[in-house]
Peer 1: 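Right, I'll just put the structure down here and ask away after.
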There are 2 protein chains.
Amino acid sequence: MDIFTTMQDERGRLSQSEIRIADIVLNDFEFAVNASIIELAGKADVSPPTVTRFCRRLGCESFSDFKVQLARTAYVGMRYLKPEPKSIAPADVAQDIITKAQNALFLLHRGLDVDAIERAANRLAGAEMIYAFGSGGNSSMIANELQNRLFRLGLRITASSDHSMQLMMAAAAKPTDVLIGSSFSGRNAELVRAFMLAREAKVPTIALTQSGSPVANAAEITLPVDLPEGDNIYRPTSTRIAYLAVVDILASLIAYRIQPQATVTLRRIKQQLVTHRDGDDRQLLGD
Amino acid sequence: MDIFTTMQDERGRLSQSEIRIADIVLNDFEFAVNASIIELAGKADVSPPTVTRFCRRLGCESFSDFKVQLARTAYVGMRYLKPEPKSIAPADVAQDIITKAQNALFLLHRGLDVDAIERAANRLAGAEMIYAFGSGGNSSMIANELQNRLFRLGLRITASSDHSMQLMMAAAAKPTDVLIGSSFSGRNAELVRAFMLAREAKVPTIALTQSGSPVANAAEITLPVDLPEGDNIYRPTSTRIAYLAVVDILASLIAYRIQPQATVTLRRIKQQLVTHRDGDDRQLLGD
DNA sequence: GGTTCCTGCAAATTATTTTCTTGATACGTT
DNA sequence: AACGTATCAAGAAAATAATTTGCAGGAACC
């Protein structure tokens with residue numbers, strides 16, 4: 001898949017010299033992409049042929065192929081190997097945030113359970129009514145987002161961030177409905193209770209949360225999002241972007257499943273928004 | 001900055017042969033990163049030295065340096081050169097969405113007006129009251145997000161997606177307050193009206209929108225987000241992720257500006273959330 | 001007509017890979 | 001336990017391939 005992961009996975013099967021090479025690449029990425037095979041060999045105290053063999057073992061054609069692979073994934077993948085130095089100058093803060101966001105997406109993609117997403121999409125596409133639950137700023141945004149995306153496809157959906165309402169709705173839901181809930185921490189006890197209630201009534205449940213968490217265990221289908229949260233308390237956002245991406249994937253899959261219907265509804269909504277604005281037909285749906 | 005942009009910028013100053021090389025690289029990126037200088041030269045009908053000179057002109061050390069640079073930006077940058085082939089298989093949809101999201105972040109970063117963001121952050125950090133406006137699903141999410149992020153820093157802020165309320169609030173705002181509004185399309189006429197009203201009363205205004213648009217023109221400070229929107233009507237999300245990132249940057253900068261105060265408030269909020277849950281202190285703020 | 005710049009050729013340099021060999025380790029046999 | 005064999009890692013040197021440099025012819029533009 002990507003060369004960094006491969007290096008970590010293969011580490012156990014490498015020889016001493018090769019481990020030295022791997023460590024240098026991992027620790028001083030900047031050096032590695034720019035170095036020639038001779039320089040890299042020199043730094044690792046091995047001979048150039050060993051480096052070639054190392055590259056081959058990792059599944060690359062040649063040393064230069066290895067460098068290209070490295071450079072390719074690295075743009076996104078490298079920073080999570082290092083902590084954050086950086087200053088608080090605006091440009092650095094911006095770069096840091098954007099890199100972290102890209103990283104979150106990268107990691108999300110790597111850990112994505114495509115199968116579970118597909119099952120969830122099928123369930124949602126066939127639901128008579130959808131309840132989207134989430135609380136506390138982050139997850140309530142996700143619930144709203146689900147509503148925002150799915151109602152456009154002609155699905156019946158309501159979002160709620162209110163625990164009491166969630167419980168009542170869960171109790172009122174029917175087996176032909178679907179309950180989908182989000183929890184970043186996976187420890188939202190009220191959401192767990194809502195899931196339990198729904199399951200008793202045979203209502204399908206989908207959780208968007210950390211795998212292995214209470215919320216994950218309470219739901220029938222879990223869409224896991226497992227990211228290392230940075231320790232900077234001011235910035236919980238990169239995780240949220242990953243969640244949004246999952247919602248996006250989900251909504252797209254559902255859209256493809258119910259396409260004919262969705263296109264019609266979508267056009268109707270669009271029509272309405274556009275005429276209400278200024279007639280420019282190239283506008284987005286919703287502002 | 002990045003090699004693709006450089007190639008496009010320099011295109012006018014290149015010779016015939018060099019333009020041929022550039023076109024091959026731009027059109028067949030996959031080939032270019034894997035080819036040797038000889039293969040690339042062959043395909044462009046030039047001699048290898050010409051390729052070397054081409055690389056130098058673009059600011060690279062050597063041909064291999066060029067390839068590394070190419071591979072580096074390309075992981076993120078390449079797809080926006082091509083339309084989307086792909087299938088609707090879940091794995092492909094997921095990859096497509098994630099790539100597009102990363103791309104949006106990449107492009108955002110490239111076009112970011114750091115200076116404007118800094119000015120906006122300063123304004124917001126010093127505001128007595130902040131009004132965050134946005135309507136229509138996408139922008140209303142941004143307004144909510146602003147509230148969600150900034151109230152944690154101890155700022156006074158309210159978000160509204162209701163046009164009538166927005167107008168009334170704009171009319172009631174004082175010069176020591178700040179109005180910040182978001183519009184993806186830049187054509188939200190009601191938001192423009194709110195900005196006008198605010199400006200008459202000398203209330204500072206900040207717009208998060210497409211540059212050059214009516215909304216952008218109506219605001220005092222514009223934080224431009226200019227992304228080519230993909231034409232798949234089912235997916236307006238990548239743009240949203242870019243907007244979220246801007247909010248994140250803004251919130252971080254503000255946090256650094258008012259740090260002592262923010263830490264205290266943050267701790268108080270955290271305390272409350274944590275005790276209400278299950279006592280695990282390592283939890284995120286908000287779920 | 002001169003200058004400048006592009007370009008390819010060939011040579012030189014440099015980088016990379018292959019081949020061959022040595023040394024080390026592990027395993028099975030007596 | 002001692003020996004022999006197989007296997008593998010790893011470097012040296014050679015071969016190969018790739019890249020760069022120097023130079024000169026030629027085109028375009030003053």
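In what follows, chains carry the letters A, B, and so on, assigned in the order in which the sequence lines appear, proteins first and then strands, with residues in each chain numbered from 1.
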Peer 1: Taking only side-chain nitrogens and oxygens of A:Ser64, does any of them come within less than 4.0 Å of OP1 or OP2 of C:dA15?
Peer 2: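 Checking A:Ser64 against C:dA15: no side-chain N or O falls below 4.0 Å of OP1 or OP2.
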Peer 1: Does C:dT7 have its OP1 or OP2 closer than 4.0 Å to a side-chain nitrogen or oxygen of B:Ser17?
Peer 2: yes
Peer 1: Which atoms of nucleotides 18-22 of chain C (N or O only) lie under 3.5 Å from a protein N or O atom, and what are those distances?
Peer 2:
unit_1: C:dT18; atom_1: OP2; unit_2: A:Arg56; atom_2: NH1; d: 2.9
unit_1: C:dT18; atom_1: OP2; unit_2: A:Arg56; atom_2: NH2; d: 3.2

Peer 1: Hey, can you tell me if B:Phe54 and B:Phe66 have their rings parallel, tilted or perpendicular (30° and 60° cut-offs)?
Peer 2: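 If you compare the ring of B:Phe54 with that of B:Phe66, the planes turn out perpendicular.
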Peer 1: Please test B:Lys67 against A:Asp65 for salt bridge (charged side-chain N to carboxylate O under 4.0 Å, His left out), starting from the C-alpha separation and ending with a verdict.
Peer 2: CA-CA 10 Å; B:Lys67 279 216 296 192; A:Asp65 184 33; over 6 Å; no
Peer 1: Could you work out, with side-chain hydrogen bond (donor to acceptor under 3.5 Å, both in side chains) as the rule, every residue matching A:Glu10, not counting sequence neighbours?
Peer 2: A:Arg13
Peer 1: Roughly how many Å is it from CZ in A:Phe54 to C1' in C:dT16, rounded to a whole number?
Peer 2: 16 Å
Peer 1: Could you check which of C:dT7, D:dA10, C:dT17 has an atom nearest any side-chain atom of B:Gln16?
Peer 2: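 Side chain of B:Gln16 sits closest to C:dT7.
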Peer 1: So, using side chain to side chain contact (heavy atoms under 4.5 Å, CB included) as the criterion, who are the partners of B:Ala32 when residues are at least two apart?
Peer 2: B:Val25, B:Leu70
Peer 1: Distance check needed: C:dT17 P versus A:Phe66 CZ, whole Å only.
Peer 2: 12 Å
Peer 1: By nearest atom, which of the nucleotides C:dT16, C:dC6, D:dA10 is closest to the B:Arg57 side chain?
Peer 2: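 Among C:dT16, C:dC6, D:dA10, the one nearest the side chain of B:Arg57 is C:dC6.
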Peer 1: Indicate, with a heavy-atom threshold strictly under 4.0 Å, whether B:Val51 touches base, sugar-phosphate, or nothing.
Peer 2: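 Touches nothing.
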Peer 1: Return yes if some donor-acceptor pair links the side-chain N/O of A:Glu118 with the main-chain N/O of B:Pro90 below 3.5 Å, else return no.
Peer 2: no
Peer 1: Checking all strands, does A:Ser62 fall into the base, sugar-phosphate, or nothing category for heavy-atom contacts under 4.0 angstrom?
Peer 2: sugar-phosphate
Peer 1: Remember a base hit wins even if backbone is also touched, and classify A:Asp65 as base, sugar-phosphate or nothing at under 4.0 Å, heavy atoms.
Peer 2: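 If one applies the 4.0 Å heavy-atom cut-off, A:Asp65 turns out to touch nothing in the nucleic acid.
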Peer 1: For atom CD of B:Glu61, is the number of surrounding heavy atoms from other residues, nucleotides or ligands below 6.0 Å larger than 12?
Peer 2: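 Open: at most 12 neighbouring heavy atoms sit under 6.0 Å from CD of B:Glu61.
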Peer 1: So, OP1 or OP2 of D:dA17: does either fall under 4.0 Å of a side-chain N or O from B:Ser36?
Peer 2: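 It does not, given that no N or O in the side chain of B:Ser36 lies less than 4.0 Å from OP1 or OP2 of D:dA17.
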Peer 1: Check the distance between D:dA18's P and B:Ile37's CD1 and give it to me in whole angstrom.
Peer 2: 11 Å
Peer 1: Tell me the interatomic distance from A:Arg13, atom CZ, to D:dA9, atom P, rounded to whole angstroms.
Peer 2: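 Distance, rounded to whole Å: 13 Å.
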Peer 1: Quick one: A:Phe63 CZ to C:dA15 P, roughly how many Å, whole number?
Peer 2: 11 Å
